[in-house]
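Heavy atoms only: backbone and side chains are in, while hydrogens, waters and symmetry mates are out. Note that this is a predicted model, so its numbers are computed, not measured. Letters go in sequence order (proteins before strands), and every chain restarts at 1.
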Amino acid sequence: MTNKEYDFSKIEPKWQKYWDENKTFRADDFSGKKKFYCLVEFPYPSGDGLHVGHPRSYTALDILARKRRMQDCNVLFPMGFDSFGLPSENYAIKTGIHPTIVTRKNIERFTAQLKSLGFSFDWDRVFSTTDPDYYRWTQWIFIKFFEKGLAYKSKMPINWCLSCKIGLANEEVVDGKCERCGGDVEKRSIEQWMLKITAYADKLIKDLDTVDFLEKIKAQQINWIGRSEGADVDFMIDGTGRKITVYTTRPDTLFGATYMVLSPEHALVHEITSAQQKDAVDAYCRHAARMSDLERTEEKEKTGVFTGAYAVNPVNGKKIPVWIADYVLISYGTGAIMAVAAHDTRDFEFAVKFRLPVICIISPDVKEAESAGVDIQDVLEGKSCWSGNGRMINSSNSDGLDINGLEVTDSKRRTTEWLEKKGIGKGAVNYKLRDWVFSRQRYWGEPIPMIHCDKCGWVPVPEDQLPVLLPQVDKYEPTDTGESPLAVISDWVRTTCPKCGAAAKRETDTMPNWAGSSWYFLRYIDPKNNKCFADRKKLDYWMGVDWYNGGMEHTTLHLLYSRFWNKFLFDCGLVPTSEPYMKRTSHGMVLGEGGEKMSKSRGNVINPDDVVGKYGADVFRLYEMFIGPFDQSAAWDTKGISGIDRFLRKLWRMMVESEISDEPMNREQLRVLHQTIKKVGEDIETLDLNTAISQMMIFTNEFSKSGKLPREAAESFIKVLAPFAPHICEELWEIFGHGSSIAHAPWPAYKDEFLKLDEIEILVQIKGRPKARMMMPAGITQDKMQELALGNAEVGKELSGKKIIKVVCVPGRLVNIVSNP
RNA sequence: GCGCGGGUGGCGAAAUUGGCAGACGCGCCAGACUUAGGAUCUGGUGGGGCAACCCAUGGGGGUUCAAAUCCCCCCUCGCGCACCA
């Protein structure tokens, strides 16, 4: 053999070219093999190039995809680019270069980087969300939403980022700031296209039961959707004939409602306010309107104003004052609440401050109150607040409602029934989830394919005129008026109504950058189709995605949105599965050296190209998998790479310098080999890739001891390592005389019989303390174990003069002798 | 406040139907080979003690022959949500 030196700089390009030319990783539409659709989140092709975080996810699923191919599956492992977005647009504003050009350049760089890492993507299926052939169908799906009444235009207060000059979805506002730029966000009322994701709130929760997502992902989605069950209850406003509906999760606490609070934005505030209170109420409302969401939540002390109006409590006819306060949000429930000061900490705080009555109607659970350190007497006297469990008291009227003595579930049910019978309320469900603000007032996005006609209203662009292409513009700058830069291109905006032919105007808003990624997993299945978004037969074959890995940061954005789109398409009969992803896992972040987030400003960014250039792709891939548990964040450690580098070079020497023997392996070699096949195979399935690599290191340590290398061990080992370090393994596979790629070589099987030892070292403990180690035959009985242990000289010495009380034998592990004293 | 994760050597970490804590790797120490070593190989490496032994998985209690692992209380770090009625 001539290849004495391990030279990744020759090996890696060689095999990358081979895979490209031979289309080694092409997925076949339809096949007798078992299909496996393996997906990673496609990147935004930023000008900075690939981040070392991308390969963490990509390598892990590449390992899985490669293993599945060796297990004779038909694997779809695609890649694409999510290219609409602000950075390209901002770059265009700065330089005047069209985003299309920048995007094309960035995609070229990303493609080269991804290929240099040896990922087994099916490159024949690549596309960018900015390809007109792709966004044609994004627009088409939008029209489907419109046709089904799930896309609607509405003037509503939205989150407006002052520096990006763009409206944001709720999900894009983090801590009151713009998720992207960290700038201030204010409320503005603008006409917006909305997608009715709330119509799917229940299904988005319930169907989580049918999929295999990490528990924390499910929990976060459920929490975000925020379903709660309660009742809407009508209160009459005294002397006005007006009715105000409140939403409460505890209708059974009506007897404890001592006042009512409306949000300052509530529609009826001004109608019910008394003349004396008008000035105070107006001033409060103006003040509240000026505050941003952030300031409003930062306000710790409760504020509010009395409206002068009284509401009538429907369970007992008592008049209770109506206040306004900004702790009641217009965006949740009905924007009005009944306040039960004795059993809600916020209401209690408010009541104390404004000297409103506190009436206790729940007698605290004694045990619970004790462990919480709450004085029950104080609660009963209205001196402190109890929001825990307990039994209802003071809760009956002469009109057929008596819930005294009941616990929560029963009292809620009974009260709701009573309200419904009397026609003054009914059971209701509420969600924290809001409809999705789907308009953006920027250039670099999919044009929303709608036309406004004065006579016909909003009319979709006819299907045969899709895609609505982004027109060329001279200036990309967003405007302060909230209009898209497209609005100034008058000959593009001017068009005719597809319905009546009259003069009409195009919608100038574009879609948010989450649009393209909401259905891309469907397009990979049939990326070149120009008749429909994807052929139904192919969808039937490939869907759903068997395994999808991505970042936790997308849990309440992309992951939720794309589940919603898929469910909608499923209800339209267009896709075969209600859930798009059968399994979802998540990787931890790759942090900079020292554990801080990588950023240009910290100067701790690691460029993958540098690592690949110095150590090669195989080392880079192995290192990222060895760095720590896959689901936890990990700090980059340049020193740590050398361990992997040594491992591969040691392996190479072992493979090419040893005498390859066909003699049978010894017992220990067999055991290590089969243990390695077993452990690596199992660890890949759970993405415990760090321990898989440890096991492979144990293998090389064992087999490099002598200068002889059994052929069977070598070849099996190359196969299990191949998914991790594909280039070096292809090269070794060739050196070992195989003519074709290892990518489709069969995954090796292990035999249980070789995993067992003939003799096992058994620990002998006395009262739990290790005293001796003895070799015992593997299949030994417990009686025999005990006998051997007690016959041990060391043990006998320890036990002399002591009385044996008990002996515990654990087969294959230990004998524990309990003695007295 | 609510929800979800973590806390183990100098460092990244292993170990879960409870069964020898620290696999594997980094770093460090010693030695070999070498003109040389940021190459390679061999050995060592949780802490204390000369030793027998003792102490160690955030802290405190408990269950058990046996606890990093199970139960109770507490501390701490990270992430997500947050005046959601």
Discussion item. Just the rounded figure in Å: distance from P of B/rG19 to CD1 of A/Ile760.
Written reply: 16 Å
Worksheet item: Given B/rC55, is OP1 or OP2 found less than 4.0 Å from the side-chain N or O atoms of A/Arg769?
Response: yes
Worksheet entry | Polar side chain donor-acceptor pair, A/Asp683 to A/Thr691, under 3.5 angstrom | yes
Fill in: Phosphate-side-chain proximity, A/Tyr247 and B/rA85, N/O vs OP1/OP2 below 4.0 Å
no
Worksheet item: Between A/Arg649 and A/Asp645, is there a side-chain N and carboxylate O pair less than 4.0 Å apart?
Response: yes
Worksheet item: Do A/Lys302 and B/rC83 have a side chain to base donor-acceptor pair shorter than 3.5 Å?
Response: yes
Fill in: Pairwise C1' distance, B/rU8 and B/rA14 [rounded to whole Å]
10 Å
Worksheet entry | B/rG58 and B/rC54, which share atom name P, separated by this distance in whole Å | 22 Å
Worksheet item: How far, in whole Å, is B/rU69 from B/rC20 if one measures between their C1' atoms?
Response: 15 Å
Worksheet item: CE of A/Met552 versus P of B/rG78: gap in Å, rounded?
Response: 17 Å
Worksheet item: Within the structure shown, what part of the strands sits under 4.0 Å from A/Glu761 by heavy-atom distance: base, sugar-phosphate, or nothing?
Response: base
Discussion item. Would you measure the distance from the P atom in B/rA52 across to the matching atom in B/rU45 and give it in whole Å?
Written reply: 15 Å
Response to the item:
pair_partner(B/rC28), Watson-Crick or wobble, both distances < 3.5 Å, evaluates to B/rG44
Worksheet item: With respect to the side chain of A/Pro629, which nucleotide from B/rA85, B/rA14, B/rC20 is positioned closest?
Response: B/rA14
Discussion item. Any side-chain N or O of A/Lys806 below 4.0 angstrom from OP1/OP2 of B/rC65?
Written reply: yes
Practice prompt. Say whether, by atom type as modelled, one donor and one acceptor occur between the side chain of A/Gln632 and the main chain of A/Gly588 under 3.5 angstrom.
Written response: no
Discussion item. Of the listed nucleotides (B/rC41, B/rC81, B/rC20), which one gets closest to any side-chain atom of A/Leu763?
Written reply: B/rC20
Worksheet item: How is A/Lys639 classified with respect to the nucleic acid when contacts are heavy atoms under 4.0 Å: base, sugar-phosphate, or nothing?
Response: sugar-phosphate
Worksheet item: Should B/rC2 form a Watson-Crick or G-U wobble pair with both distances under 3.5 Å, which nucleotide is its partner?
Response: B/rG80
Response to the item:
Whole-Å distance, A/Leu648 CG to B/rU40 C1', equals 16 Å
Worksheet item: Does A/Ser228 have a side-chain nitrogen or oxygen under 4.0 Å from the phosphate oxygens OP1 or OP2 of B/rA85?
Response: yes
Worksheet item: Just checking, is any N or O donor in the side chain of A/Asn430 or A/Ser228 under 3.5 Å from an acceptor N or O on the other one?
Response: no
Worksheet item: With both distances under 3.5 angstrom, what nucleotide forms a Watson-Crick or G-U wobble pair with B/rA85?
Response: none
Item to complete: Look through every strand shown and name the nucleotide pairing with B/rU57 as Watson-Crick or G-U wobble, where both distances are under 3.5 Å.
Response: none
Worksheet item: Counting any heavy atom closer than 4.0 Å, what does A/Val328 reach on the DNA or RNA strands: base, sugar-phosphate only, or nothing?
Response: base
Worksheet item: Would one find a side-chain N or O of A/Arg649 under 4.0 angstrom from OP1 or OP2 of B/rA39?
Response: no
Worksheet entry | Listed nucleotide nearest any side-chain atom of A/Arg813, set B/rC81, B/rA85, B/rC20 | B/rC20
Discussion item. Any strand counts, and the cut-off is 3.5 Å on both contacts for Watson-Crick or G-U wobble. Which nucleotide pairs with B/rU35?
Written reply: none
Discussion item. What is the distance, to the nearest angstrom, from the CZ atom on A/Arg56 to the C1' atom on B/rG12?
Written reply: 11 Å
Item to complete: Can you figure out which of B/rA15, B/rG19, B/rA85 approaches the side chain of A/Thr691 most closely?
Response: B/rA15
Worksheet entry | A/Ile693 CD1 - B/rC24 P separation (whole Å) | 15 Å
Item to complete: May I ask you to decide whether A/Glu41 forms a salt bridge with A/Arg584, counting only side-chain N to carboxylate O separations under 4.0 Å?
Response: yes
Worksheet item: If we take the P atom in both B/rA68 and B/rG62, what is their distance in whole Å?
Response: 16 Å
Discussion item. Classify the ring geometry of A/Phe647 against A/Phe717: parallel below 30°, tilted from 30° to 60°, perpendicular beyond 60°.
Written reply: perpendicular
Discussion item. In this structure, how many angstroms lie between the P atom of B/rU8 and the CD atom of A/Gln632, rounded?
Written reply: 11 Å
Worksheet item: A/Asn430 near the nucleic acid: base, sugar-phosphate alone, or nothing, with a heavy-atom cut-off under 4.0 Å?
Response: nothing
Item to complete: Using Watson-Crick or G-U wobble geometry with both distances below 3.5 Å, tell me the partner of B/rU64, or none.
Response: none
Item to complete: Classify the nucleic acid contact of A/Ile698 as base, sugar-phosphate or nothing, counting any heavy atom under 4.0 Å across all strands shown.
Response: sugar-phosphate
Worksheet item: Between A/Asp252 and A/Arg250, is there a salt bridge with N-O shorter than 4.0 Å?
Response: yes
Discussion item. Nearest whole Å is fine: how far is B/rG25 P from A/Ile644 CD1?
Written reply: 10 Å
Worksheet item: If we take the P atom in both B/rC72 and B/rG27, what is their distance in whole Å?
Response: 43 Å
Discussion item. Taking pairing as Watson-Crick or G-U wobble with both contacts under 3.5 Å, can you name the mate of B/rA52, or confirm there isn't one?
Written reply: none
Discussion item. From the set B/rG25, B/rG3, B/rA85, return the single nucleotide nearest to any side-chain atom of A/Met697.
Written reply: B/rG25
Worksheet item: Where each residue is assigned the nucleotide of RNA chain B containing its nearest heavy atom, which of A/Pro770 and A/Ile627 is assigned the position nearer the 5′ end?
Response: A/Ile627
Worksheet entry | Nearest-neighbour nucleotide for the A/Phe626 side chain, B/rC24, B/rC26, B/rC83 considered | B/rC24
Worksheet item: Since syn is defined as within 90° of 0, does B/rG6 count as syn or as anti?
Response: anti
Fill in: Centroid separation A/Trp636 to A/Tyr623 less than 6.0 Å
yes
Worksheet item: Out of B/rC4, B/rA85, B/rG19, which nucleotide sits closest to the side chain of A/Val810?
Response: B/rG19
Item to complete: Look at all strands and tell whether A/Leu814 reaches a base, only sugar-phosphate, or nothing, counting heavy atoms closer than 4.0 Å.
Response: base
Practice prompt. Answer yes or no: does a side-chain N or O of A/Arg646 lie under 4.0 Å from OP1 or OP2 of B/rC26?
Written response: yes
Worksheet item: Taking atom C1' of B/rA85 as reference, at what distance in whole Å does atom CZ of A/Arg227 sit?
Response: 16 Å
Worksheet entry | Nearest-Å distance once atom C1' is located in both B/rC28 and B/rC11 | 11 Å
Practice prompt. Go through B/rG27, B/rG19, B/rG80 for me and flag the one nearest to the A/Ser642 side chain.
Written response: B/rG27
Worksheet item: Is there a Watson-Crick or G-U wobble partner for B/rU17 with both distances under 3.5 Å, and which nucleotide is it?
Response: none
Item to complete: Report yes if a side-chain nitrogen or oxygen of A/Asn690 is closer than 4.0 Å to either non-bridging phosphate oxygen (OP1 or OP2) of B/rA23; otherwise report no.
Response: no
Item to complete: May I ask you to decide if the ring planes of A/Tyr284 and A/His287 are parallel, tilted or perpendicular, using 30° and 60° as cut-offs?
Response: tilted
Fill in: Inter-nucleotide P distance (B/rG48, B/rG10), Å rounded
10 Å
Practice prompt. Kindly indicate whether a cation-pi arrangement holds for A/Lys302 with A/Phe350, taking the cut-offs as under 6.0 Å to the six-membered ring centre and within 45° of the axis.
Written response: no
Worksheet item: Starting at the 5' end of RNA chain B, which residue's closest nucleotide do you reach first, A/Lys614 or A/Val808?
Response: A/Lys614
